Colleague: 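Have a look at this one before I ask anything.
Quick note on labels: first sequence line is chain A, next is B, and so on, each numbered from 1. All of these numbers come straight from a predicted model, not from anything done at the bench.
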Number of protein chains: 2
Amino acid sequence: MKGGAGLPAHDPTDVWRRPERSPVGPKPEHSRNGIATAALRIADQEGLAAVSIRRVAASIGAGAASLYRYVKSHDELVELMMDAVAGEYQLEADGEHPRGRLLDLAHQGRDIMHRHPWLAPLLLTRPSMGPNSLRFLDAALAALAPVDLSGPAKLQIVAMMSAITSAFVQNELASLTSSGPDENASANRGQYIIDALQAGEYPHLAAAMAGHSATGDADEQFTSAITNYLTGAGIPIQLS
Amino acid sequence: MKGGAGLPAHDPTDVWRRPERSPVGPKPEHSRNGIATAALRIADQEGLAAVSIRRVAASIGAGAASLYRYVKSHDELVELMMDAVAGEYQLEADGEHPRGRLLDLAHQGRDIMHRHPWLAPLLLTRPSMGPNSLRFLDAALAALAPVDLSGPAKLQIVAMMSAITSAFVQNELASLTSSGPDENASANRGQYIIDALQAGEYPHLAAAMAGHSATGDADEQFTSAITNYLTGAGIPIQLS
DNA sequence: TCGAATTGCGATCACCGTTCGCAATCAAGA
DNA sequence: TCTTGATTGCGAACGGTGATCGCAATTCGA
């Protein structure tokens with residue numbers, strides 16, 4: 001009935017519910033995992049923008065259209081990538097109290113985003129719902145088990161913690177890049193602000209940027225940002 | 001020496017430092033502001049993806065290439081849009097205490113992001129540094145003036161508050177869309193998760209989602225999320 | 001062995017951001 | 001007043017993108 005539409009007949013629209021290979025037909029020359037890995041390498045080295053269908057296909061020696069046998073769309077490829085890196089979490093639960101456990105997960109998240117600089121923006125933008133991501137979510141909720149809060153409230157807390165982590169890392173990465181070797185762009189970029197500050201507009205901004213940044217360790221800053229939030233959210237140091 | 005490269009001779013690479021019109025030559029038929037407004041309308045109605053150079057140009061009755069006389073790139077157009085909506089803040093400072101003032105700004109931000117659903121992802125992803133955005137930043141710092149913290153620490157707090165706001169709104173918008181009239185997509189989207197939950201993986205996730213969402217008002221939830229963070233960050237109710 | 005389903009993929013479509021070159025326009029200087 | 005030179009508007013084009021189509025080749029179950 002249908003022409004060569006792209007995907008096999010078993011396509012329940014959801015990547016994770018779709019079997020990778022059907023019992024009939026020639027055996028695929030590639031795999032979802034291999035494709036995700038190739039895409040990941042490209043993203044790590046050249047940024048997310050370099051991850052195009054054609055580029056990924058070429059990097060595994062396949063034709064562009066062939067990728068659509070494994071992946072329904074470019075977005076789905078990105079989903080695969082996100083879940084792949086979510087697999088880097090170490091989720092073994094030691095006997096720590098909730099706050100320490102969550103803090104550990106947050107730090108792991110920060111490390112992962114440092115390894116894969118393209119991740120932070122994505123996490124802030126779209127939810128990742130693959131098996132590895134769900135495993136992470138479950139682990140975070142497990143850490144919150146002894147805390148007396150409603151289920152939705154706990155979900156909210158985990159979501160916020162992840163968001164804060166992503167936002168923090170994004171700031172880190174942005175400032176790292178702007179102090180890089182690309183003098184021109186970043187210099188010009190801030191020129192307007194400098195002018196405006198000297199012109200006397202934004203007095204409070206000027207004052208805030210004048211204060212020396214005696215904050216020291218970025219690690220410490222991150223820890224206190226997360227701790228701040230958890231404290232406000234009512235996560236105690238010892239389990240209540 | 002140069003062909004028709006695009007922009008006029010006065011192009012200090014920064015939109016905000018570049019004069020809109022030069023004293024010589026024919027008077028422009030459009031304006032930066034008009035273009036931003038047109039782009040904004042398109043984004044509000046059809047989403048950010050619909051804001052292409054060609055589309056915006058057509059909507060104001062101009063040729064595609066003409067837009068580059070006003071804007072150096074698509075990214076710059078987006079910058080214009082972001083700063084335009086940043087102008088919707090009401091920044092008059094009444095005599096409130098820091099916490100109340102910040103909370104008001106956060107609520108205004110949330111309202112703005114509701115009016116312009118494309119905004120939240122952008123704010124989380126790239127900083128906006130136009131005059132209106134800087135005015136907002138300055139107002140937030142003004143609210144923090146009576147608080148005894150270093151300048152950078154205050155900047156950090158404002159950045160985090162904005163990030164939390166954007167993340168919260170993003171969650172709101174995502175759940176609104178998924179419970180919309182588009183039954184198929186959202187149903188299929190969650191199907192995998194439902195299956196996995198019933199299969200017994202992710203027990204804590206299952207438990208958390210089973211608890212009824214007695215949280216009530218989203219407004220209230222938002223207030224407490226922000227308040228939580230501010231409390232943890234050491235912003236008192238009354239000025240210290 | 002045969003049929004049905006699947007794979008790989010070249011060609012193609014409809015876009016996208018961006019650049020080029022040129023005619024038309026306008027303000028200032030001669 | 002006329003000329004000059006920078007600036008505007010823009011059709012055409014370039015290289016790239018995601019996605020679809022149709023077909024030959026492959027493979028497994030019946």
Side-chain angles (χ1 to χ4, degrees), chain A residues 1-13 15 18-32 34-35 38-39 42-43 46-81, chain B residues 1-11 13 18-32 34-35 38-39 42-43 46-81:
Chain A
M1 174 194 271
K2 50 167 60 131
L7 274 170
H10 46 70
D11 58 343
T13 64
V15 211
R18 194 167 53 224
E20 172 140 22
R21 172 159 165 35
S22 89
V24 66
K27 68 175 172 186
E29 296 176 4
H30 308 280
S31 71
R32 236 175 249 174
I35 291 175
I42 295 177
E46 308 175 42
L48 186 63
V51 179
S52 68
I53 295 286
R54 284 169 171 81
R55 184 89 167 62
V56 173
S59 88
I60 61 171
S66 305
L67 270 210
Y68 288 96
R69 295 286 175 197
Y70 301 86
V71 144
K72 208 172 57 158
S73 68
H74 184 254
D75 274 16
E76 218 178 69
L77 172 60
V78 173
E79 251 181 282
L80 251 46
M81 294 170 63
Chain B
M1 175 191 279
K2 51 168 62 130
L7 274 170
H10 47 70
D11 57 342
T13 64
R18 196 166 54 225
E20 173 140 22
R21 173 162 166 29
S22 89
V24 66
K27 67 176 175 188
E29 295 178 4
H30 309 280
S31 72
R32 237 175 247 173
I35 291 174
I42 294 176
E46 307 175 43
L48 186 62
V51 180
S52 69
I53 295 285
R54 286 172 170 82
R55 186 88 167 63
V56 173
S59 88
I60 60 170
S66 305
L67 270 210
Y68 287 94
R69 295 287 175 195
Y70 302 86
V71 144
K72 207 172 56 159
S73 69
H74 184 256
D75 274 16
E76 219 176 69
L77 173 59
V78 174
E79 253 181 279
L80 252 44
M81 293 169 64

Colleague: Taking only side-chain nitrogens and oxygens of Y68(B), does any of them come within less than 4.0 Å of OP1 or OP2 of dC20(C)?
Modeller: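 Checking dC20(C) against Y68(B), no side-chain N or O comes under 4.0 Å of OP1 or OP2.
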Colleague: Does any pair with a residue in residues 52-65 of chain A pass side-chain hydrogen bond (donor to acceptor under 3.5 Å, both in side chains), and if so which ones, sequence neighbours excluded?
Modeller: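 Found E46(A)-R55(A).
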Colleague: If you look at every heavy atom in S73(B) and Y68(B), which pair is closest and at what distance?
Modeller: CA-CE2, 4.2 Å
Colleague: With respect to the side chain of R69(B), which nucleotide from dT18(C), dG8(C), dG9(D) is positioned closest?
Modeller: dG9(D)
Colleague: Provide the closest heavy-atom pair for A39(B) versus L77(B) in the form atom of the first, atom of the second, distance.
Modeller: CB-CD1, 4.0 Å
Colleague: Report the distance from atom CG of L67(A) to atom C1' of dT7(C), rounded to the nearest whole Å.
Modeller: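 Whole-Å distance recorded here is 13 Å.
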Colleague: Shortest non-hydrogen contact from I60(A) to H30(A)?
Modeller: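 So the two residues come closest at O-CE1, 3.2 Å.
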Colleague: For R18(A) and Y70(A), which heavy atoms make the closest approach, and how far apart are they?
Modeller: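 Distance-wise, the nearest heavy atoms are NH2-O, 4.1 Å.
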Colleague: Considering non-hydrogen atoms only, spot the tightest contact between G34(A) and S31(A) and give its length.
Modeller: N-OG, 2.9 Å
Colleague: With the side chain of A65(A) defined as its heavy atoms from C-beta on, choose the nearest nucleotide among dG8(C), dA19(D), dC9(C).
Modeller: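 Of the options given, the side chain of A65(A) lies nearest dC9(C).
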Colleague: D75(B) CG to dT18(C) C1': how many Å, rounded?
Modeller: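 Going from D75(B) (CG) to dT18(C) (C1'), I get 13 Å.
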Colleague: Output one letter per nucleotide in nucleotides 25-30 of chain D: B when a protein non-hydrogen atom lies under 4.0 Å from the base, S when only the sugar-phosphate is that close, - when neither is.
Modeller: -BBS--
Colleague: Show the distances under 3.5 angstrom between N or O atoms of the protein and N or O atoms of nucleotides 15-17 of chain D.
Modeller:
from    : atom 1 : to     : atom 2 : distance (Å)
dT17(D) : OP1    : S52(A) : OG     : 3.2

Colleague: Classify A62(A) by what it touches in the nucleic acid, base, sugar-phosphate, or nothing, heavy-atom distance under 4.0 Å.
Modeller: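 Contact class for A62(A): sugar-phosphate only.
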Colleague: Can you tell me how far P of dG17(C) sits from OH of Y70(B), to the nearest Å?
Modeller: 18 Å
Colleague: Check whether any side-chain N or O of R32(A) sits under 3.5 Å from a backbone N or O of V15(A) as a donor-acceptor pair, and report yes or no.
Modeller: yes
Colleague: For H30(B) and dT7(D), give me the distance from atom NE2 to atom P, rounded to whole Å.
Modeller: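 Taking atom P of dT7(D) as the reference, NE2 of H30(B) is at 19 Å.
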Colleague: M81(B) and L48(B): which non-hydrogen atoms are nearest, and at how many Å?
Modeller: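 M81(B) and L48(B) have their closest heavy atoms at CE-CD1, 4.2 Å.
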Colleague: Can you measure E29(A) atom CD to dC9(C) atom C1' for me and round it to whole angstrom units?
Modeller: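 For the pair E29(A) CD and dC9(C) C1', the rounded distance is 10 Å.
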Colleague: Run the side-chain contact (heavy atoms from CB on, under 4.5 Å) test on V51(A) and V56(A) for me, step by step, so that the C-alpha distance in whole Å, both residues' side-chain angles and the decisive distance to 0.1 Å come before the verdict.
Modeller: CA-CA 6 Å; V51(A) 179; V56(A) 173; 3.8 Å; yes
